[in-house]
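See structure below.
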There are 2 protein chains.
Amino acid sequence: METRGQRSGRTGRPPRLSQEAILLAAQRILDTEGPERLSMRRLAREMSSTAMALYHHVQDKDELLLLLLDAHARRYPRPVLPSEPRTRLLAAAQVLHDLLADCPWIVEVLSFDDFVSESALWVVESIVDAAVECGMPLEDAVYAYRVIWHYTTGELAIRASRERVRSRAERPEYREHALELLDSVDFPRLNAVGRRWAGLTARDDHRKGLEAVVAGLLEQKTQAVGVAADAVRARPCC
Amino acid sequence: METRGQRSGRTGRPPRLSQEAILLAAQRILDTEGPERLSMRRLAREMSSTAMALYHHVQDKDELLLLLLDAHARRYPRPVLPSEPRTRLLAAAQVLHDLLADCPWIVEVLSFDDFVSESALWVVESIVDAAVECGMPLEDAVYAYRVIWHYTTGELAIRASRERVRSRAERPEYREHALELLDSVDFPRLNAVGRRWAGLTARDDHRKGLEAVVAGLLEQKTQAVGVAADAVRARPCC
DNA sequence: ACCTGAACACCGTTCAAGT
DNA sequence: ACCTGAACACCGTTCAAGT
C-alpha cells in the first residue's frame, strides 16, 4: 500500500514509472481519445517511455484494464440502498449498471459470470443479498444476479459497440434504407414501426427494462416455491 | 444473383476468388481455429491469395463478418412457432438466442439495437408480433424486443469472452482464490456461496432467464394498461 | 476486372542488453 | 530493479502497378 520507491534503500535509480502513474495516464487517454486508442505503445508514448517499461508494473494489457476498472470502482461513491428488499434489489442492479456505464469498454475484457473487480464486489453482494431477502434460496439469488448481469452487460456492450461504429464512420443511410425496403407482407410489424425504429431503440430505457427483469425474477420465485411445496408434499422426505 | 464469371464475356481471366468461396473459407477457419484467428491475411493465405484480393469481393472485414452471419441465418431452419402469443414470444426469443449461439463472435461487430442481418429479420418480426399479440402497443413491443435483445446479447458476449479467455490461457486458480479471501463480514452472501459460485455460473440457464424476462415484460404491460386506463379516465380525450 | 507486392500505420509481447 | 532497442509475429487497409 506504500507508494513504491519511497521506502526502498538507495539501490538503483528511482523508478520513473509507477502503477499509479500508469493508470492515471491510461485514464487520460481513455477520456480524451477513447478506448480504441489505448494501447501499450500509445500509453508508453504518453509517458515518454517504452512499451516494455510498462510490463514491469502490470502483467499484461488485460491486467491494466482490470486495474482501471478497479480504480474506477474504488472512486465510485457507495450509495445507501433502500432497506425494503425488492426496492433494494432494483436499486443495487441500477448501481451495477451505472458503475459500469462509465467504462463500457471493460465489457470486452471481462470473462465472467465471475464478478467484476474486487472494489465492486459489494454491488454483487448487495444484489445477491437483496434477492435472498426477497425470499429466494441462495442458489436462485445467484441465478438472479446472473440474469441481471447478462442484461446489464448486453446493454453496455451494445452501447460500446454503437459508439465504436459512430466514431469509426458515419454511415447513417445504410440501416435506414434497410427499413424502407421491408416487405409489408413478410414483415407487417417492422413495417409498421418503420422509421420510428431508430428513435425507439436509441432511448435509454435501462431502468424500465431492469424493472421488468426484476419483476420477472421475483414472479418466477413465487411459482418455484409453489412447485417446490408440491414436490415436498408428493415425496415427504428422503 | 448469378455466380459471377458465368455470364460475363471473355474479357480478362476468370476470377479465382468469389464471395461465396471466400465465405466458405472464412467459415472453415472459424470452425477449425476459432474467431480470433480469422483475419484478412489468414483468410487470404487459406485461399492461396493475397489479403488485397479479398477487397475486390467484400468492402471490409466488418462486411465479411456480417455476410457470414447472414449466410448462417439463411441456413438456419425456420421453426414453426406456437400460436399462443405468450408461448410464441418465448419461443421466438429462444430462436434468436439459438441462432446467434452458433456465432457469438458476431456480437463484437453488431452495432445494434439495429436488427441482426436481413436473413434473421423474421425472428425480430416474430418477437415484435408476438409481443403485440400479447396485448402490447407497438412501441412497447419494440421495447420488449430490445430488453430481450440486450439479455441475449449479454449472455452471448459473456460466453464468447469466456471462451476467449479459456483458449488464451488456463488460469483457473486466480478467481477461485479470490473467493476464498472474501471477508465473511462484508460479504456474507458471497461467502456462503463460496466455491459453488463457479459451478452455479457455468450452468446454461438461458431459457429460464428468458422466461423471467418475458414474464416481467408482460407483467409490466398489465400494470401499464392499468395506468393508461386511469390516465384515460382522468383526461377523457384530446 | 481481377490480382499482386510493397508500404503505411499500427498491435501485444519477448528477449538480451544496458545502468 | 528498472528501463531500452530491436525483434517477432502479427493486424486492417491503401496505393500503384501488373495482366
Side-chain angles (χ1 to χ4, degrees), chain A residues 2-22 25-26 29-30 33-68 105 108-109 164-165 167-169 171, chain B residues 2-22 25-26 29-30 33-68 105 108-109 164-165 167-169 171:
Chain A
E2 287 280 336
T3 303
R4 257 199 267 189
Q6 200 156 33
R7 276 192 153 288
S8 65
R10 61 220 62 176
T11 35
R13 58 190 154 184
R16 299 206 311 101
L17 269 38
S18 68
Q19 206 179 77
E20 214 189 319
I22 289 172
I29 294 172
L30 241 23
E33 302 179 39
E36 65 281 330
R37 310 295 298 220
L38 178 60
S39 70
M40 298 303 269
R41 290 171 131 104
R42 172 73 190 82
L43 180 53
R45 193 161 22 103
E46 180 81 7
M47 309 194 77
S48 310
S49 182
T50 65
M52 275 322 297
L54 302 174
Y55 285 85
H56 284 270
H57 302 90
V58 296
Q59 249 193 344
D60 52 25
K61 200 189 173 184
D62 272 16
E63 200 199 32
L64 174 70
L65 295 176
L66 287 175
L67 287 169
L68 280 167
W105 46 267
E108 285 182 22
V109 95
R164 191 155 27 95
V165 171
S167 73
R168 203 162 42 190
R171 32 180 175 181
Chain B
E2 288 280 336
T3 303
R4 258 198 265 188
Q6 199 155 34
R7 275 191 156 289
S8 64
R10 61 221 62 175
T11 35
R13 58 190 155 184
R16 298 204 314 99
L17 269 38
S18 69
Q19 206 179 76
E20 212 188 320
I22 289 173
I29 295 172
L30 241 23
E33 302 179 36
E36 66 282 329
R37 311 293 298 218
L38 178 59
S39 70
M40 298 303 268
R41 289 170 130 106
R42 172 74 190 81
L43 180 53
R45 193 162 21 106
E46 180 81 7
M47 310 194 78
S48 310
S49 182
T50 64
M52 276 323 297
L54 303 173
Y55 286 86
H56 284 271
H57 301 89
V58 296
Q59 249 193 345
D60 52 25
K61 200 191 173 183
D62 272 16
E63 200 200 30
L64 174 70
L65 295 176
L66 287 174
L67 287 169
L68 280 168
W105 47 267
E108 284 181 24
V109 95
R164 192 156 25 97
V165 170
S167 73
R168 204 163 40 192
R171 33 180 174 181

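This structure is a prediction, so every number in the text was calculated from the model and none was measured. Numbered from 1 within each chain, the chains take letters A, B, ... in sequence-line order.
- In terms of heavy-atom proximity, A51(A) sits nearest to A44(A) at N-CB, 3.3 Å.
- Contacts of E63(B) classified as salt bridge (Lys or Arg N to Asp or Glu O under 4.0 Å), with partners at least two apart in sequence or in another chain: none.
- Listed by chain and residue number, E33(B), E46(B) satisfy the salt bridge (Lys or Arg N to Asp or Glu O under 4.0 Å) test with R42(B) (two or more places apart in sequence, or in another chain).
- Phosphate proximity of dA1(D) to H57(A): absent, as no side-chain N or O sits under 4.0 Å from OP1 or OP2.
- At a threshold of 4.5 Å between non-hydrogen side-chain atoms, the residues L64(A) and M40(A) count as touching.
- Contact between A26(A) and L43(A) at its shortest, heavy atoms only, is N-CD1, 3.5 Å.
- Pairs engaging residues 49-58 of chain A under the salt bridge (Lys or Arg N to Asp or Glu O under 4.0 Å) rule: none recorded [sequence neighbours left out].
- Between P35(A) and L30(A), the shortest heavy-atom distance links the atoms CA-CD1, 3.5 Å.
- In DNA chain C, runs of at least 3 stacked Watson-Crick or G-U pairs (N1-N3 plus N6-O4 or O6-N4, or N1-O2 plus O6-N3, all under 3.5 Å) give these stems: C:4-8 with D:12-16, C:12-16 with D:4-8.
- Side-chain atoms of H56(B) and base atoms of dC2(C) include no donor and acceptor less than 3.5 Å apart.
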Could you run down the sub-3.5 Å N/O contacts of the protein with nucleotides 11-14 of chain C?
residue : atom : partner : partner atom : Å
dC11(C) : OP1  : S39(A)  : OG           : 2.9
dC11(C) : O5'  : S39(A)  : OG           : 3.4
dC11(C) : N3   : R41(A)  : NH1          : 3.4
dC11(C) : N4   : R41(A)  : NH1          : 3.3
dC11(C) : N4   : R41(A)  : NH2          : 3.2
dG12(C) : OP1  : M40(A)  : N            : 3.4
dG12(C) : OP1  : K61(A)  : NZ           : 3.1
dG12(C) : OP2  : M40(A)  : N            : 2.9
dG12(C) : N7   : R41(A)  : NH1          : 2.4
dG12(C) : O6   : R41(A)  : NH1          : 2.8
dG12(C) : O6   : R41(A)  : NH2          : 3.3
dT13(C) : OP2  : Y55(A)  : OH           : 2.6
dT13(C) : OP2  : K61(A)  : N            : 3.2
dT13(C) : O5'  : Y55(A)  : OH           : 3.4

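- In this structure, the side chain of H57(B) engages the main chain of L17(B) through a donor-acceptor pair within 3.5 Å.
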